[in-house]
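Report on the structure given below.
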Amino acid sequence: MSKIDEQTIIEHLSEFRKRLIVTIIFFIIAFLISLVFCSSIYKLLTASFNQKLVVLGPNDILSIYLMLAGICAFSLTLPFASYQIWAFVHPALEEREAKVVLSYVPATFILFIAGLCFGFFFVTPALLNVLLSFGDDLFNIQLTANSYLTFIIHTSLPLGIIFELPVIVAFLTSLHILTPQYLIKNRRYGYFILLVLAVVLTPADFISDLTMAAPLILLYEASILVCKYIYNR
């Protein structure tokens, strides 16, 4: 490797390090700001209950605040981190390609929030009602705030990540890694993986599985359309 190549690699690593540090600082600031509004966020998430949820001690209160602030900070940092990735690869892209990739930044945030909302407003209530109905005649059920919020995160956060599928497909297509023919040819395997995810994320009943599987399959089909559009351009 020549001296010029070594200098180029060092410059790239230095640039990557700088953008990583900036992203971490942004996450910390977003985390601290989110802590201030944690009480309002908690009230919003538990508004469907007519009574206050139980906490088992001060450690639960602290963990709830940290959990909520972490999720909010991650959501706010996601578009910022996406922009930093774009800025890092921008010099290697043509002007038209750079504009296309830049459009992924707001799409990343919008799809992530859409996945969280779908999980919170549709999947979580349906799954919670089914699971609680199993113990109506057997247990004296008392939900703690910590367990309820953990349940919400386990059902909503994976959907927020899965909803990024079209953006990931678009990005990989831009890099000439994916083609629409490949996605169409392997559609049945994609459906199978999504159905497995639906069953794993909603281990309750057939209706809940279908409720989860239907939007995931639509996401796969939407990803194929996005892939075709970018591939043809």
Side-chain angles (χ1 to χ4, degrees), residues 15-16 19-20 22-24 26-27 30-31 34 70-124 152-198 200-202 211-233:
E15 176 74 9
F16 178 78
R19 298 196 176 278
L20 179 61
V22 170
T23 302
I24 293 174
F26 184 91
F27 176 83
F31 181 84
S34 299
I71 295 297
C72 292
F74 177 80
S75 302
L76 294 173
T77 305
L78 187 61
F80 182 80
S82 301
Y83 174 79
Q84 293 302 318
I85 294 174
W86 173 84
F88 178 71
V89 302
H90 176 264
L93 301 175
E94 297 179 359
E95 183 178 355
R96 181 182 61 83
E97 293 174 334
K99 291 180 180 179
V100 172
V101 176
L102 182 60
S103 65
Y104 300 158
V105 174
T108 299
F109 179 72
I110 292 172
L111 288 175
F112 181 75
I113 297 300
L116 288 180
C117 291
F118 177 77
F120 178 72
F121 290 108
F122 295 99
V123 177
T124 299
I152 290 178
I153 291 174
H154 286 172
T155 53
S156 300
L157 187 58
L159 280 171
I161 297 173
I162 292 173
F163 266 55
E164 299 292 341
L165 181 62
V167 176
I168 296 173
V169 168
F171 184 70
L172 294 178
T173 304
S174 301
L175 297 179
H176 308 291
I177 296 175
L178 277 182
T179 63
Q181 292 79 13
Y182 178 84
L183 293 177
I184 294 173
K185 180 181 178 182
N186 295 279
R187 179 186 270 126
R188 62 180 181 274
Y189 300 113
Y191 281 7
F192 176 76
I193 294 173
L194 292 176
L195 288 173
V196 170
L197 285 175
V200 171
L201 293 176
T202 58
T211 303
M212 177 73 80
L216 297 185
I217 291 175
L218 290 176
L219 274 177
Y220 189 90
E221 293 300 323
S223 299
I224 293 178
L225 295 177
V226 171
C227 185
K228 285 182 177 179
Y229 176 76
I230 295 176
Y231 185 81
N232 291 332
R233 292 190 60 179

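Note that the structure is predicted; figures quoted are calculated from it, not measured.
The minimum heavy-atom distance between Leu219 and Ile162, with the atom names listed, is CD1-O, 4.0 Å. A pairwise comparison of heavy atoms in Leu76 and Ala30 identifies CD1-CB, 4.2 Å as the closest pair. Between Tyr220 and Asn186, the shortest heavy-atom distance links the atoms OH-O, 3.6 Å. Closest approach of Pro180 to Tyr231, counting heavy atoms only: CD-CG, 3.6 Å. Taking each heavy atom of Lys185 and Arg188 in turn, the nearest pair found is O-NH1, 3.9 Å. Between Lys228 and Ile184 the shortest heavy-atom distance is CE-CD1, 3.7 Å.
Here Leu78 contributes atom CG and Ile110 contributes atom CD1; the two are 11.5 Å apart, rounded to the nearest 0.5 Å. Here the CG-CG distance, from Leu194 to Leu216, works out to 5.5 Å after rounding to the nearest 0.5 Å. Atom SG of Cys227 is separated from atom CD1 of Ile168 by 13.0 Å, given to the nearest 0.5 angstrom. The structure places CG of Leu116 at 5.5 Å from OG of Ser75, a figure rounded to the nearest 0.5 Å.
The side-chain heavy atoms of Leu20 and Ile24, taken from C-beta on, include a pair separated by under 4.5 Å. A 4.5 Å side-chain heavy-atom check between Thr173 and Thr179 finds every atom pair outside the cut-off. Contact check for Ser156 versus Val123: no side-chain heavy atoms found under the 4.5 Å cut-off. For the pair Phe163/Leu159, a side-chain contact is recorded, criterion being any heavy-atom separation below 4.5 Å from C-beta on. Side-chain contact between Thr108 and Phe112 is absent, with no heavy-atom pair separated by less than 4.5 Å.
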Thr155 and Phe120: side-chain contact (heavy atoms from CB on, under 4.5 Å), yes or no, with the steps?
CA-CA 8 Å; Thr155 53; Phe120 178 72; over 6 Å; no
Is there a ring-ring contact (aromatic ring centres under 6.0 Å, His included) between Tyr83 and Phe109 once you walk through the steps?
CA-CA 11 Å; Tyr83 174 79; Phe109 179 72; over 10 Å; no
Would you sort out whether Phe27 and Thr23 count as a side-chain contact (heavy atoms from CB on, under 4.5 Å), showing the intermediate values?
CA-CA 6 Å; Phe27 176 83; Thr23 302; 5.7 Å; no
Please determine whether side-chain contact (heavy atoms from CB on, under 4.5 Å) holds for the pair Arg187 and Ile224, giving the CA-CA distance in whole Å, both sets of side-chain angles, and the decisive distance to 0.1 Å.
CA-CA 9 Å; Arg187 179 186 270 126; Ile224 293 178; 3.6 Å; yes
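Here the two rings, on Phe16 and Phe88, have centers that are under 6.0 Å apart.
Looking at Tyr104 and Glu164, their side chains never bring a donor and an acceptor atom within 3.5 Å of each other.
Distance alone, capped at 3.5 Å, is enough to place a donor-acceptor pair between the Thr124 side chain and the Gly119 backbone.
Between Phe80 and Phe26, the ring planes are parallel. Angles under 30° get that label, and only those over 60° would be called perpendicular.
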